[in-house]
Amino acid sequence: MDMTAFFTMSYGLYVVSATAGDERAGCVINTATQVTAEPPRLMVAVHKDNCTARVIREAGTFTVTAIDQTADMPYIGNFGFRTSDTYNKFEKYDVAESATGDAYSPEHACAVFACRLADTVDVGTHYLFIGDVAEAERLSDEPPLTYAYYHSTLKGKTPPKASSYQG
């Protein structure tokens with residue numbers, strides 16, 4: 001099988017976050033999509049070993065921000081290459097609270113979606129979290145950051161917990 005065929009698929013980059021009690025978690029994902037218009041629903045894929053997956057399950061909510069092209073590698077590294085178990089990812093950036101009570105950073109984000117967890121599907125290494133969108137808001141007119149732009153312009157790498165990782 002030619003696994004490089006998957007490189008032709010277009011993805012955006014997002015930060016998915018959740019807050020359960022005093023615990024806040026967030027991570028960069030490349031799998032988020034609208035799945036229905038009525039009711040408006042989003043689906044995100046999060047690696048099972050990721051702290052954020054556990055916090056989403058505990059919270060019953062999640063918030064997705066669409067990263068824009070103003071994002072730099074320190075921002076992506078902060079949310080994508082560290083674990084919320086041992087590192088406060090929200091310490092260096094402005095923090096807002098979504099309609100569902102989840103912490104998120106509006107910096108380098110062109111949109112935010114606050115979701116109530118409707119379903120969880122186990123797909124092997126990842127959970128698909130399907131959420132009813134409680135609120136959606138455009139945050140800027142900056143273009144969204146695509147995975148292709150991340151690799152070609154920012155020269156970013158794919159971490160092992162990403163759904164598109166190929167060891």
Side-chain angles (χ1 to χ4, degrees), residues 6 11-33 42-131 134-135 139-140 144-147 149-151 153-167:
F6 287 98
Y11 301 99
L13 284 177
Y14 310 88
V15 173
V16 62
S17 58
T19 303
D22 292 336
E23 188 173 21
R24 299 187 301 187
C27 64
V28 173
I29 61 169
N30 70 345
T31 308
T33 190
L42 292 183
M43 180 278 305
V44 297
V46 182
H47 196 285
K48 288 178 180 179
D49 293 341
N50 198 304
C51 173
T52 305
R54 178 180 49 76
V55 177
I56 290 171
R57 291 171 67 93
E58 290 174 12
T61 61
F62 62 90
T63 295
V64 178
T65 55
I67 301 173
D68 68 35
Q69 286 185 12
T70 68
D72 54 15
M73 287 308 294
Y75 175 86
I76 293 167
N78 182 78
F79 284 99
F81 291 95
R82 297 181 174 172
T83 177
S84 295
D85 278 327
T86 59
Y87 178 77
N88 181 357
K89 295 183 179 188
F90 298 95
E91 186 174 61
K92 294 181 181 178
Y93 296 94
D94 290 339
V95 177
E97 186 175 295
S98 73
T100 52
D102 299 311
Y104 74 94
S105 175
E107 291 184 56
H108 304 297
C110 55
V112 62
F113 305 88
C115 301
R116 290 186 184 88
L117 188 60
D119 200 3
T120 302
V121 180
D122 185 330
V123 292
T125 59
H126 288 65
Y127 290 120
L128 298 183
F129 294 112
I130 300 165
E135 181 179 55
L139 299 177
S140 79
L145 179 63
T146 65
Y147 213 36
Y149 184 91
Y150 168 74
H151 283 293
T153 304
L154 297 179
K155 306 297 183 200
K157 304 294 182 207
T158 303
K161 289 184 182 177
S163 57
S164 59
Y165 178 73
Q166 297 178 20

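Along the sequence shown, residues are numbered consecutively beginning with 1.
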Checking side-chain contact (heavy atoms from CB on, under 4.5 Å) for the pair Ile29/Asn50: CA distance, chi angles, key distance, verdict? CA-CA 11 Å; Ile29 61 169; Asn50 198 304; over 6 Å; no
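- Of all heavy-atom pairs between Cys115 and Thr100, the closest is O-CG2, 3.7 Å.
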Verdict with supporting geometry, Phe90 and Phe79, ring pair (Phe, Tyr, Trp, His ring centres under 6.0 Å): CA-CA 8 Å; Phe90 298 95; Phe79 284 99; 5.6 Å; yes
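- Two residues are said to be in side-chain contact when any heavy atoms from C-beta on lie closer than 4.5 Å; Cys27 and Val46 meet this criterion.
- Here the side chains of Thr146 and Tyr11 are not in contact, with every heavy-atom distance at 4.5 Å or above.
- Minimum interatomic distance between Ala66 and Tyr14 (heavy atoms only, all atoms of both residues): CA-CD2, 3.7 Å.
- By the 4.5 Å heavy-atom criterion applied to side chains, Lys48 and Thr125 are not counted as neighbours.
- Taking all atoms of both residues into account, the shortest heavy-atom contact from Ala109 to Leu139 is O-CB, 3.4 Å.
- In this structure the side chain of Val15 reaches within 4.5 angstrom of the side chain of Tyr75, judged on heavy atoms.
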Does the side-chain contact (heavy atoms from CB on, under 4.5 Å) test come out yes or no for Tyr127 and Val121, once each step is laid out? CA-CA 6 Å; Tyr127 290 120; Val121 180; over 6 Å; no
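- Atoms OG1 and CE, on Thr33 and Met43 in that order, are 6.0 Å from each other to the nearest 0.5 Å.
- At least one donor-acceptor pair under 3.5 Å links the side chain of Ser84 to the backbone N or O of Gly26.
- Proximity of a side-chain donor or acceptor of Glu107 to a complementary backbone N or O of Asp94 within less than 3.5 Å is detected.
- Within the 4.5 Å cutoff, the side chain of Ser17 has no heavy atoms near those of the Thr52 side chain.
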Let me check something: any side-chain donor-acceptor pairs from residues 55-62 under 3.5 Å, sequence neighbours excluded? List them with distances.
{"unit_1": "Glu58", "atom_1": "OE2", "unit_2": "Arg54", "atom_2": "NH1", "d": "3.3"}
{"unit_1": "Thr61", "atom_1": "OG1", "unit_2": "Asp102", "atom_2": "OD1", "d": "3.0"}
{"unit_1": "Thr61", "atom_1": "OG1", "unit_2": "Asp102", "atom_2": "OD2", "d": "3.2"}

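- With values rounded to the nearest 0.5 angstrom, Ile130 atom CD1 is found 8.0 Å from Thr120 atom OG1.
- Nearest heavy-atom pair across Ala111 and Phe113 is CB-CE1, 3.9 Å.
- You'll find the side chain of Asn30 reaches within 4.5 Å of the side chain of Leu13, heavy atoms only.
- When all heavy atoms of Thr19 and Ala103 are compared, the pair lying nearest together is OG1-N, 2.9 Å.
- Between Asn88 and Arg24, some side-chain heavy-atom pair lies under the 4.5 Å cut-off.
- Closest approach of Ala45 and Leu128 over heavy atoms only: CB-CD2, 3.6 Å.
- Counting only heavy atoms from C-beta outward, the side chains of Ser105 and Lys89 never approach each other to under 4.5 Å.
- The distance from atom CD of Glu135 to atom OG1 of Thr63, rounded to the nearest 0.5 Å, is 9.0 Å.
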